[in-house]
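Before any comments, here is the structure.
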Protein chains: 2
Amino acid sequence: MSLAHALLTSLLEQPSSGYQLARRFDKSIGHFWRATHQQIYRELGRMEKAGWIRSEPDPDAGRGRKRSYSVLPAGEAELMRWAGESAPLTELCDEFLVRLRADAVIGPLGLGPELERRRALHADKLRAYHAIEARDFPPGAEGSRQRRIHHLILKAGIQYEAGWIAWYDEALAALALDGPGEGKPQARCADRGR
Amino acid sequence: MSLAHALLTSLLEQPSSGYQLARRFDKSIGHFWRATHQQIYRELGRMEKAGWIRSEPDPDAGRGRKRSYSVLPAGEAELMRWAGESAPLTELCDEFLVRLRADAVIGPLGLGPELERRRALHADKLRAYHAIEARDFPPGAEGSRQRRIHHLILKAGIQYEAGWIAWYDEALAALALDGPGEGKPQARCADRGR
DNA sequence: TCCGACTATGCAACCAGTTGCAGCACTGTA
DNA sequence: TACAGTGCTGCAACTGGTTGCATAGTCGGA
């Protein structure tokens, strides 16, 4: 598991509260790592107990029970240790491919619209990533090592989405060969007589 | 969750025992959906209770306590229902990108060799996929709808691996700009004085 | 005949992630 | 002053996945 380490990284970049972390995870880091606020609070508790981070109640006063977390040397050492470890690859694991395979076994189920929908969602994400890239990494500017790495990470997202878009295009073309009947699952199911 | 549906699909393609399913998951379906034998046995139990599948003890006799599972009409109906549902996209979620980002915050940690290693693993997988493609989907042959879909699924894997390889090449090039010092984490960490 | 390797199934405990809900503090507005 | 909205934290229950271990039959070889 590495949610703790994702949080350490995020806190090093910017000490914040659990809530802020949760919101941040909807943006930058959240592009490639997900967590709910529940997970984050629980994990912050553990990390504090482990001596990796420390919290102080309410630094910029007034705002409720807010606690701000920051990384202790032990946490930084742990992050350094962990970052150097080698980890297995994240394997391709996509529910939709299972659906496609099911479609192959039990006859055309009219997945065309769903393919279109998914392609469009990927295209939305790609557009969003490109917008971030245009804003934060203008061409020509060299940038620090840190900026180069952040750009690299963004490019991983771009590459990922672009790859899927290309694949969905191919899939749509391949399934279009079935002809117009592909859009009518009921009729085809009846054909199979079950 | 959709392990149950992956199992239904797999059982429709070929009725088999839990153990065989587990081994099959190391191959075809396992390229994009993972499951341990524990998960599979537990799930088969649930599915049988739900009336989606039925089991008979030891059809091709002699072999231990082996049970063979096959899909019932209710299971096929359920699979059909599920395959038509729309599901959220699988998002990019990669631990290594967190490590990279940690490297950006706490200075060069010498991730070069790990990048190389990961690139090589992706290349291995890509080679394996290409071998399967050459064997099962020779160019020129048209093939049935089912074969076209299976090819499509394989191509998703190929596209995925090829994308990562391209990205790792880019990453290696981008981090090489740091010069030879990048491979010596200790020295650089000391530089930072913590 | 015993032993180790492999096929095959399963229990129990644990861990991570999700969901639903509740509570409290503050802010703006009616 | 009351009330709705939102920032912020948290408990409790559940689900899915992992790990470690136990068992039992079968087969081939020393």
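Sequence lines set the chain letters: A, B, ... in the order given, protein chains first and strands last, and positions in each chain run from 1.
- Shortest non-hydrogen contact noted between B/Glu76 and B/Val71 is N-CG1, 3.7 Å.
- Scanning both residues, A/Asp103 and A/Gly110, for their nearest heavy atoms gives OD2-N, 4.2 Å.
- Residue A/Arg42 contributes atom CZ, which lies 13 Å from atom P of C/dT19 at whole-angstrom precision.
- Alongside B/Leu126, the hydrophobic cluster contains B/Tyr129, B/Ile132, B/Phe137, B/Leu154, B/Ile158, B/Ile165 (criterion: ILVMFWY side chains under 4.5 Å).
- Put simply, CZ on B/Arg46 is 8 Å from C1' on D/dG16, counting in whole angstrom units.
- Nearest nucleotide to the A/Lys66 side chain, out of C/dA8, D/dG17, D/dT9: D/dT9.
- Between A/Ala35 and A/Phe25, the shortest heavy-atom contact is CB-CD2, 3.8 Å.
- Along DNA chain C, the nucleotide nearest to B/Gly18 and the one nearest to A/Gln39 differ in position, and the one closer to the 5' end is contacted by B/Gly18.
- Straight-line distance from the CG atom of B/Leu44 to the P atom of C/dG10: 9 Å, rounded to whole Å.
- Side chain to side chain, A/His5 and A/Glu78 meet the donor-acceptor criterion of an N or O pair below 3.5 Å.
- One interatomic measurement links the two molecules: CD of B/Gln20 to P of C/dT7, which rounds to 11 Å at whole-angstrom precision.
- In this structure, the OH atom of B/Tyr19 is 9 Å from the P atom of C/dC6, given to the nearest Å.
- Summarising the geometry, the separation between CD on B/Glu48 and P on C/dT9 is reported as 12 Å, rounded to the nearest angstrom.
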Kindly give the atom pairs (protein nitrogen or oxygen, nucleotide nitrogen or oxygen) under 3.5 Å for nucleotides 21-24 of chain C.
| unit_1 | atom_1 | unit_2 | atom_2 | d |
| --- | --- | --- | --- | --- |
| C/dG23 | N2 | A/Arg65 | NH2 | 2.6 |

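- Ring planes of B/His122 and B/Tyr160: perpendicular class, angle over 60° (limits at 30 and 60°).
- As judged by a 4.0 angstrom heavy-atom cut-off over every strand, A/Arg34 is placed among residues making no nucleic acid contact.
- Phosphate proximity of C/dT7 to B/Arg23: present, with a side-chain N or O under 4.0 Å from OP1 or OP2.
- Taking atom OH on B/Tyr69 and atom C1' on C/dA8, their separation rounds to 11 Å, with Å as the unit.
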Could you go through residues 84-93 of chain B and list every donor-acceptor pair under 3.5 Å that involves a side-chain atom there, pairing it with any protein atom two or more places apart or in another chain?
| unit_1 | atom_1 | unit_2 | atom_2 | d |
| --- | --- | --- | --- | --- |
| B/Glu85 | OE2 | B/Arg81 | NH1 | 3.0 |
| B/Glu91 | OE1 | A/Arg34 | NE | 3.0 |
| B/Glu91 | OE1 | A/Arg34 | NH2 | 3.2 |

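- Here the side chain of A/Thr36 is nearest to one of D/dT9, C/dT9, C/dT18, namely C/dT18.
- Distance CG (B/Leu21) to P (C/dG10): 13 Å, rounded to an integer number of Å.
- Under 4.0 angstrom from either OP1 or OP2 of C/dG10 there lies no side-chain N or O belonging to B/Tyr41.
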